2 protein chains.
Amino acid sequence: MVADLVAEAELTPAVRALADPLRARIVELLATEQLCVCHLTEELAVAQPLVSHHLKVLREAGLVESDRWRYWTYYRLRPDALLTLADRLERLAASAPTDTCERRPCC
Amino acid sequence: MVADLVAEAELTPAVRALADPLRARIVELLATEQLCVCHLTEELAVAQPLVSHHLKVLREAGLVESDRWRYWTYYRLRPDALLTLADRLERLAASAPTDTCERRPCC
DNA sequence: GCAAGATATCGACCGTCATCGATATCCGGA
DNA sequence: TCCGGATATCGATGACGGTCGATATCTTGC
């Protein structure tokens with residue numbers, strides 16, 4: 001129980017990070033190949049500081065990691081973070097009661 | 001491509017719905033058993049209109065469905081919605097490139 | 001129909017966050 | 001060490017959304 005609550009607390013930032021449409025698109029793009037900020041800026045057609053900001057949110061949520069190479073900072077997805085999230089959702093779905101008639105008496 | 005974008009657009013509301021901590025707790029509670037609003041209000045220790053509001057968001061996101069019975073409205077999880085989401089995340093994780101060296105030339 | 005309980009809706013307030021412009025920091029080449 | 005390019009940070013602004021109180025709607029029993 002407590003462990004579940006802790007696990008959920010650790011997962012929430014990732015879900016919140018994915019909830020923004022622009023960040024969702026970034027994750028989609030990074031699911032194909034690792035990209036640097038300038039690629040993402042061009043692909044998303046938004047200002048570079050905005051891309052950096054959202055990448056920071058994704059990085060702090062553990063969804064992406066970065067890697068400097070010469071001038072550029074390459075970002076790539078961390079698949080394990082997505083898999084952890086997917087597993088959590090599957091567990092929730094699996095634990096849902098199948099018997100729709102069983103109801104706790106009310107108030 | 002277009003189908004993927006559409007699918008993503010349909011999934012985003014569910015992710016956004018799960019991003020709120022109170023709604024996440026509601027989903028957790030409903031993963032155990034179906035509950036009416038008064039149960040949730042008591043369990044979460046918040047005002048009843050607030051619970052109704054969040055339930056509406058979850059319902060419109062397709063994550064829960066409701067069922068009236070006498071005085072009360074029972075809510076239950078829709079496991080298929082969570083599974084669809086989990087599948088989407090798994091696909092993204094699976095499509096992530098494993099070769100960390102392969103980089104598109106920059107700018 | 002009327003009253004009481006359960007739930008949903010509405011309006012207002014307020015904090016958070018996405019966005020933008022300007023600027024700082026970092027890196028590599030000359 | 002100086003310069004230019006790439007990225008990160010900062011401050012301000014505006015909008016979205018969570019919360020609360022009041023109230024409307026719906027259901028059931030009398």
Side-chain angles (χ1 to χ4, degrees), chain A residues 8-9 12-30 33-76 103-107, chain B residues 8-9 12-30 33-76 103-107:
Chain A
E8 182 66 17
T12 300
V15 178
R16 298 195 56 173
L18 287 174
D20 180 79
L22 196 50
R23 287 198 290 266
R25 290 202 57 202
I26 291 177
V27 168
E28 280 190 342
L29 291 172
L30 292 180
E33 56 179 335
Q34 59 180 322
L35 296 167
C36 70
V37 178
C38 62
H39 285 145
L40 291 168
T41 300
E42 187 179 357
E43 201 78 32
L44 299 169
V46 298
Q48 171 268 319
L50 185 56
V51 174
S52 282
H53 165 67
H54 285 304
L55 284 171
K56 182 181 183 180
V57 175
L58 289 171
R59 185 163 13 97
E60 290 177 344
L63 290 171
V64 305
E65 56 190 359
S66 59
D67 187 9
R68 301 193 83 107
W69 184 66
R70 303 188 54 177
Y71 277 138
W72 308 285
T73 308
Y74 278 86
Y75 282 83
R76 60 174 165 274
R103 284 174 179 146
R104 189 205 291 196
C106 211
C107 307
Chain B
E8 181 66 17
T12 300
V15 179
R16 298 195 58 171
L18 287 174
D20 180 78
L22 196 52
R23 287 197 291 266
R25 290 203 57 203
I26 291 177
V27 168
E28 280 189 341
L29 290 173
L30 292 180
E33 55 179 337
Q34 58 179 322
L35 296 167
C36 71
V37 178
C38 62
H39 285 144
L40 291 168
T41 299
E42 187 179 356
E43 201 77 34
L44 299 169
V46 297
Q48 171 269 318
L50 186 55
V51 174
S52 282
H53 165 67
H54 285 304
L55 284 171
K56 181 181 183 181
V57 175
L58 289 171
R59 185 161 15 94
E60 289 177 345
L63 290 172
V64 305
E65 55 190 0
S66 60
D67 189 8
R68 300 193 84 106
W69 183 67
R70 303 189 52 177
Y71 276 138
W72 308 286
T73 307
Y74 278 86
Y75 281 84
R76 60 173 165 276
R103 284 172 178 145
R104 188 205 291 198
C106 210
C107 310

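In the text below, chain A, chain B and the rest are named by the order of the sequence lines, each starting its count at 1. Atoms considered below: every heavy atom in the structure, side chains included; atoms not considered: hydrogens, waters and symmetry mates. Computed from a predicted structure; not experimentally measured.
To the nearest 0.5 Å, atoms CG (A:L22) and CG (A:L55) are separated by 9.0 Å. The NE2 atom of A:H54 sits 11.5 Å away from the CG atom of A:L40 when rounded to the nearest 0.5 Å. A:S66 contributes atom OG, which lies 11.5 Å from atom CG of A:L58 (distance to the nearest 0.5 angstrom). How far CH2 of A:W72 is from NE2 of A:H39: 9.0 Å, rounded to the nearest 0.5 Å. Atom CZ of A:R25 and atom CG of A:D20 lie 11.5 Å apart (nearest 0.5 Å).
For A:D20, taking side-chain heavy atoms from C-beta onward, the closest of the listed nucleotides C:dA8, D:dC16, C:dT19 is C:dT19.
Nucleic acid contact for A:S52: base, since at least one base atom lies under 4.0 Å from a heavy atom of the residue. Contact annotation for B:L22: backbone-only contact, meaning every heavy-atom pair under 4.0 Å involves sugar-phosphate atoms and none involves a base.
Comparing A:P21 and B:V37, the nucleotide of DNA chain C nearest to each residue sits closer to the 5' end for B:V37.
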Strictly under 4.0 angstrom, non-hydrogen atoms only: write out the protein contact profile of nucleotides 20-30 of chain D, one letter per nucleotide from the 5' end, B, S or -.
SBB----BBS-
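Side chain of A:R23 to backbone of A:A17: a donor-acceptor contact under 3.5 angstrom is found.
Between the CG atom of A:L40 and the P atom of D:dA6 there is a distance of 14 Å, rounded to whole Å. If you take CZ of B:R16 and P of D:dC16, they are 10 Å apart, rounded to a whole angstrom. Between B:K56 atom NZ and C:dA6 atom P there is a gap of 22 Å when expressed in whole angstrom units. Rounded to whole angstrom, the span from the OH atom of B:Y75 across to the P atom of C:dA6 amounts to 15 Å.
OP1 or OP2 of C:dA18 has at least one side-chain nitrogen or oxygen of A:H53 nearer than 4.0 Å. Contact annotation: B:H54 side-chain N/O to D:dG17 OP1/OP2 distance is not under 4.0 Å. Dashed line: the shortest gap from a side-chain N or O of A:Y74 to OP1 or OP2 of D:dA6 is not under 4.0 Å.
Across all non-hydrogen atoms, the minimal contact from B:Y74 to B:C36 is CD2-N, 3.8 Å.
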